[in-house]
Amino acid sequence: MPMIETRDGTRLYAKSWGDGPPVVLIHGWPLSGDSWDPVSNALADAGFRAIAYDRRGFGRSDQPSGGYDYDTFADDLADVMAAMGVGDNVALVGFSMGGGEIARYMSRHGGRGVSRVALVSSVVPYMLKTDDNPDGVPQSTFDEMTDGMLEDRARFFTGFFRDFYGVGMLSRPVSDETLKLSWATAMQAGLRPTLLSAKAFATTDFRGTCPRSACRLW
């Protein structure tokens, strides 16, 4: 699978399965493009070309010191699309943090080449609780996450993934092996990229980029 060099020299790991109309899949925090494997496999079997890549700092991609902001993430997406040769009739699918890449790509790059998008449990339009966003997540929650990662990142993500998958809440949670796989994937990322990316999705206000009505349409 290719390593794609972005405009600032950061190399991103990407993979492409199948042939047909392209679908670019953008993963959530703190995982990698492999989290899309079941979807990518189904898309390839259904006659699509599934493209998944590891966000900078995560998975097998480079871990530069900086660039963990949505302008750069959107540029990375544009560079992946260009390197993969998909410039027309592209579907973009972003989960959680990945929805921010799509929103910023649509505004920053004019939605070039994109025919449809899907935002799955996305961070847009704005996560942080403020006076004008009273239903957001309190800053204290993000501060606790940061403290937990700085104190013991491995232990933090053990608890994080149990909560993420609803262990103890759902009658049929994921297997222990899935929990271990997600934890191991999160450990591939660097501490600095993990922290700075969390800050990006927690504090980036997409309301100007993606008004609430437009987010619903996407």
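From a predicted model like this one, the values you see are computed outputs, not experimental measurements.
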Taking atom [atom1] of [X] as the centre, does the number of heavy atoms from other residues, nucleotides or ligands within less than 6.0 Å exceed 12?
X: Arg155; atom1: CZ; result: no
X: Arg11; atom1: CZ; result: no
X: Asp19; atom1: CG; result: no

Taking the side chain as C-beta and beyond, is there a heavy-atom pair between [X] and [Y] under 4.5 Å?
X: Phe58; Y: Trp29; answer: yes
X: Ile51; Y: Met81; answer: no
X: Phe164; Y: Ser182; answer: no
X: Tyr105; Y: Val114; answer: yes
X: Val120; Y: Ser96; answer: no
X: Tyr53; Y: His27; answer: no
X: Arg116; Y: Val90; answer: no
X: Trp17; Y: Leu43; answer: no

Salt bridge check: are [X] and [Y] linked by an N-O gap of less than 4.0 Å?
X: Arg60; Y: Asp34; answer: yes
X: Arg56; Y: Asp75; answer: no
X: Arg55; Y: Asp76; answer: no

To the nearest 0.5 Å, how far apart are [atom1] in [X] and [atom2] in [Y]?
X: Phe201; Y: Tyr126; atom1: CZ; atom2: OH; value: 13.5 Å
X: Phe157; Y: Met145; atom1: CZ; atom2: CE; value: 7.0 Å
X: Ile26; Y: Phe73; atom1: CD1; atom2: CZ; value: 11.5 Å
X: Lys15; Y: Trp36; atom1: NZ; atom2: CH2; value: 12.5 Å
X: Thr141; Y: Gln139; atom1: OG1; atom2: CD; value: 9.0 Å
X: Asp79; Y: Met84; atom1: CG; atom2: CE; value: 12.5 Å

Looking only at heavy atoms, which two atoms of [X] and [Y] are closest? And how far apart?
X: Gly100; Y: Val124; result: CA-CG1, 4.1 Å
X: Arg49; Y: Gly20; result: CB-O, 3.5 Å
X: Gly99; Y: Ser122; result: CA-OG, 3.4 Å
X: Ala202; Y: Met127; result: O-CB, 4.1 Å
X: Ser40; Y: Leu25; result: OG-CD1, 3.2 Å
X: Ser61; Y: Asp54; result: OG-O, 2.6 Å

Run the side-chain contact (heavy atoms from CB on, under 4.5 Å) check on Leu92 and Leu77 step by step: do they pass? CA-CA 10 Å; Leu92 300 179; Leu77 171 56; 4.1 Å; yes
Quickly, which of Thr178, Val174, Leu179 forms a side-chain contact (heavy atoms from CB on, under 4.5 Å) with Asp176? Name it, please. Leu179
Could you check whether Thr10 and Asp62, counting side-chain N and O atoms only, form a donor-acceptor pair closer than 3.5 Å? no
Side-chain donor-acceptor pair under 3.5 Å between Thr72 and Asp69, yes or no? yes
For Phe206 and Tyr70, take the angle between the two ring planes, folded into 0 to 90°, and tell me which bin it lands in: parallel under 30, tilted 30 to 60, perpendicular over 60. perpendicular
What pairs with Thr146 under side-chain hydrogen bond (donor to acceptor under 3.5 Å, both in side chains), at least two apart in sequence or on another chain? none
Per-pair distances, 0.1 Å, donor-acceptor, side chain in residues 184-197, under 3.5 Å, sequence neighbours excluded:
unit_1 : atom_1 : unit_2 : atom_2 : d
Thr185 : OG1    : Leu181 : O      : 2.9
Arg192 : NE     : Ser65  : O      : 2.8
Arg192 : NE     : Ser65  : OG     : 3.2
Thr194 : OG1    : Gly190 : O      : 2.7
Ser197 : OG     : Pro193 : O      : 2.8

